[in-house]
*Asks:* 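Shown below is the structure under consideration.
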Number of protein chains: 2
Amino acid sequence: MADVSKGTVSKALNNKPGIGDETRQRILNIVEEMGYRPDSSAKALSNRKTSNIGLIIPHEAGQSLDNAYWPVLVSSITEEAAENGYNLMLFTPRREGALDEMYDSLISSNKTDGLIIGSELLDRKQIDLLEESDIPFILLGKHPEADHHFVDIDNAFAARSMTEYLLNRGYRKIALLTGPGSYYYNRMRLDAYKEAMENRNLPVLHVEADEYDSPSVTRALDRIYSSGPRPDAIFAGAGGDFLYTILEKLRELPEAEQPEGICVFDDDRSLDFIGPGLTAVRQPVQELGRAAAKGILYLIENPELKQIRRIFKTTIIERGSCPVLPNKDNQI
Amino acid sequence: MADVSKGTVSKALNNKPGIGDETRQRILNIVEEMGYRPDSSAKALSNRKTSNIGLIIPHEAGQSLDNAYWPVLVSSITEEAAENGYNLMLFTPRREGALDEMYDSLISSNKTDGLIIGSELLDRKQIDLLEESDIPFILLGKHPEADHHFVDIDNAFAARSMTEYLLNRGYRKIALLTGPGSYYYNRMRLDAYKEAMENRNLPVLHVEADEYDSPSVTRALDRIYSSGPRPDAIFAGAGGDFLYTILEKLRELPEAEQPEGICVFDDDRSLDFIGPGLTAVRQPVQELGRAAAKGILYLIENPELKQIRRIFKTTIIERGSCPVLPNKDNQI
DNA sequence: TTGTACGCGTTATCAC
DNA sequence: GTGATAACGCGTACAA
């Protein structure tokens, strides 16, 4: 304290009224000179507000976060948060300990003011726990058993539009290869695909990988080829390692067994250079991240009941991997 | 307080001595029942320790963080931190405001106990500022003007070994395309490449993109082709968008101008599927992240002077994009 | 072994 | 407009 009391300093720093312009200026000058910054822990303790938001990305032990989806999401959330004076704390719990870690180190210890949570691996009990607590949170991806705030893409639309895209190009035996049905979005995508196929009385060729790891995906692909007709198109339900495993196995197949078309969920610039270019469903990940961040920031300041639900449309990025099939008489 | 005083509770929670086994158990039971957790802000204020570490990734405005490098780094750091009871705060300042944001919201406000900092865009002044403060930090990538704790890969080794790999396969006109020289690692890689080429009296074909964005990379590539001999191999100094821009431009070239070989810094599984597979320098990013996290955790508990410097070797992931040149008489 | 009192650095509430 | 004073919730000496 160069001249005044701490109460006054506090007012000066926070632009609070009840202080003379001249006094404020003098205080701010001194603060500037001595490079003083308020201690954030003390501030948090006093304000009951940390100015942190948490991003929780639960993931399987083997699954890596290095596909095109998470990095973009993380950076867009970080930026949106930063623009509003919030910092981002990142949590990547393994599936097994997800609950414990979340509950212990987050919910009741007030490390963050709000949470953005990847909902894929959450079960009902965990959501209950969260809702009982007073910490606001928003889900990344709608949860089947919870009616909570969320942002998501329109999974049904995405799968349907890609399926119909393939149908319009003459494909009839379209195989959908998804991750585990325990991930809700996989179920939604499957349903939409199924409906599109059944509407045209076409065979539903779906296999589900038990896990996202390489052996499971390989087994799933084997199942397609060991039962049922040879598919003329393969729709890969996820990018990253999931896709790469499929591509790897596919090129071990004899020429005659190769599907004529292939497409994938999750766009990425590298797909431009894979074969003739890989047609993909593009999720607006950046917008999703921004919306999630905006959502949680809003919830922090308005803990009212109104439900936030933002659903984004996807687009198809057309490349060369799904040529129009030559026998056009097949077409509808 | 169900029975005792708070002092006693504190001891029970922190496994401090000076308390009876029976009392401790009783307290812990009650704590468990009522789901009590210590408030982390209060704890931090009292302990002068937040149990947070910060990861600062400065980046250009246009540059995305979605290459193979950052995601892996972030998740490995997060995990290592979590295993030691620390949480990760992520900062991705744009170049322009880097200093301000760092200084204001981090260094003197005690939001984190330590910092891991991507050194690429740091200037001397910022490092001075950091060193004056009492917050421990470790650099991700050695800084040319600072002799501070760091973890890094052996950039010289990496560039040299890849250059020699190409030479051994018969390439003679090897063009190195790097990002801006203001990034120290680009200079180190260039020097090693240059040395390898000059040792054999071969022409140094190096161009530098002013920025990492697409127009700059395109201009750089043009410069290679407009001056000097047509390269027989192109060594791309970075993956992600940098690489993709190069690939994009390259395939617009007539067949006769195509380089026979191409390779790249930064490995990624998608490279398996680009053309015949793209040979790449693999950085042990996971290990790097772990080491950085371990390093900063060590520094937090031992603010001694001993300098931490960990340098990791890279490996070459050989794929099909650099075939041995047919005119073997070229070889050494 | 247990309880008490104080300090951490800030904001908020009041008298002045 | 300004300055004491009491919280905020926790550790931790030190006294009981």
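Just so we're on the same page: letters track the sequence lines, and every chain starts at 1.
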*Asks:* Where the side chain of A:T8 is defined as all heavy atoms beyond and including C-beta, which of D:dT2, C:dT10, D:dC10 is the nearest nucleotide?
*Replies:*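 Ranking D:dT2, C:dT10, D:dC10 by closest atom to the A:T8 side chain puts D:dT2 first.
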
*Asks:* Going by atom types alone, do A:T50 and A:D113 pair a side-chain donor with an acceptor below 3.5 Å?
*Replies:*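 A pair is found: one side chain offers a donor N or O, the other an acceptor, under 3.5 Å apart.
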
*Asks:* From the set D:dT2, C:dG9, C:dT2, return the single nucleotide nearest to any side-chain atom of A:Y36.
*Replies:*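 Comparing D:dT2, C:dG9, C:dT2 against the side chain of A:Y36, the answer is C:dG9.
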
*Asks:* Within this structure, what is the NZ-to-C1' distance between A:K111 and D:dG9, rounded to whole angstrom?
*Replies:*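 One finds 14 Å between C1' of D:dG9 and NZ of A:K111, rounded.
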
*Asks:* 5'-most contact on DNA chain D: B:K11 or B:K43, nearest heavy atom basis?
*Replies:*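 Nearer the 5' end of the strand: B:K43.
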
*Asks:* I want to verify a distance call: between D:dT2, C:dG9, C:dT2, whose nearest atom is closest to the A:A42 side chain?
*Replies:*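 The answer is C:dG9.
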
*Asks:* Students often get this wrong, so: under 4.0 angstrom with heavy atoms, is B:T23 touching a base, only sugar-phosphate, or nothing?
*Replies:*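 If one applies the 4.0 Å heavy-atom cut-off, B:T23 turns out to touch the sugar-phosphate alone, with no base involved.
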
*Asks:* Shortest non-hydrogen contact from B:Y69 to B:V285?
*Replies:*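 Between these two residues, the closest heavy atoms are O-CG1, 3.5 Å.
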
*Asks:* Counting any heavy atom closer than 4.0 Å, what does A:L45 reach on the DNA or RNA strands: base, sugar-phosphate only, or nothing?
*Replies:*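 Since a base atom lies under 4.0 Å of A:L45, the category is base.
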
*Asks:* For a quick test of reading the model, state the closest non-hydrogen atom pair linking A:P71 to B:P71 and the distance between them.
*Replies:*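 Between these two residues, the closest heavy atoms are CG-CG, 3.4 Å.
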
*Asks:* Taking atom P of D:dC10 as reference, at what distance in whole Å does atom CG of B:N15 sit?
*Replies:*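 My rounded result for the distance is 17 Å.
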
*Asks:* Quick check for you: among D:dC10, C:dT2, C:dC14, whose closest atom lies nearest to any side-chain atom of B:I19?
*Replies:*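 Nucleotide nearest to B:I19's side chain: C:dT2.
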
*Asks:* When you match A:L13 and B:E22 each to their closest nucleotide on DNA chain C, which lands nearer the 5' end?
*Replies:*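 The residue whose closest nucleotide sits nearer the 5' end is B:E22.
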
*Asks:* Could you tell me whether A:K16 contacts a base, only the sugar-phosphate backbone, or nothing, with contacts defined as non-hydrogen atoms closer than 4.0 Å?
*Replies:*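 A:K16: backbone/sugar contact only, no base atoms under 4.0 Å.
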
*Asks:* Determine to 10° how strongly the helix from C:dT1-D:dA16 to C:dC16-D:dG1 is bent, judged from the axes of its five-pair ends.
*Replies:*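 The end-segment axes of the helix from C:dT1-D:dA16 to C:dC16-D:dG1 are tilted 50° relative to each other.
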
*Asks:* In this structure, are over 12 heavy atoms from other groups packed under 6.0 Å from B:Q307 atom CD?
*Replies:*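 Correct, the count exceeds 12.
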
*Asks:* A:L140 and A:L55: side-chain contact (heavy atoms from CB on, under 4.5 Å), yes or no, with the steps?
*Replies:* CA-CA 10 Å; A:L140 225 37; A:L55 172 60; 4.2 Å; yes

*Asks:* What closest approach, in Å, do A:K111 and B:N52 show between heavy atoms, and which atom pair accounts for it?
*Replies:*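 Heavy atoms only, the tightest pair is NZ-ND2, 4.0 Å.
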
*Asks:* Hey, does B:G7 reach any base, or is it just sugar-phosphate, or nothing, if we go heavy atoms under 4.0 Å?
*Replies:*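 Answer is base: heavy atoms of B:G7 come under 4.0 Å of a base.
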
*Asks:* C:dT13 P sits how many Å from A:K6 NZ, rounded?
*Replies:*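 Whole-Å distance recorded here is 16 Å.
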
*Asks:* Do A:S10 and C:dT11 have a side chain to base donor-acceptor pair shorter than 3.5 Å?
*Replies:*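 For A:S10, whose side chain was compared with the base of C:dT11, there is no donor-acceptor pair (under 3.5 Å).
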
*Asks:* Would you say A:S46 reaches C:dG9's phosphate, i.e. side-chain N/O to OP1/OP2 under 4.0 Å?
*Replies:*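 For C:dG9, OP1/OP2 do not have a side-chain N/O of A:S46 under 4.0 Å.
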
*Asks:* Is there a side-chain contact between B:N14 and the phosphate of D:dG11, meaning an N or O under 4.0 Å from OP1 or OP2?
*Replies:*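 Yes, because at least one side-chain N or O of B:N14 sits under 4.0 Å from OP1 or OP2 of D:dG11.
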
*Asks:* Give a yes/no on whether any side-chain N or O of B:R48 is located under 4.0 angstrom from OP1 or OP2 of C:dG9.
*Replies:*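 Result: yes.
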
*Asks:* Is any side-chain N or O of B:K49 under 3.5 Å from a base N or O of D:dG11, one able to act as donor and the other as acceptor?
*Replies:*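 Flag unset: no donor-acceptor pair detected.
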
*Asks:* Hey, do the aromatic rings of B:F137 and B:H148 have their centres closer than 6.0 Å?
*Replies:*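 Yes, they do, as the ring centres are separated by less than 6.0 Å.
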
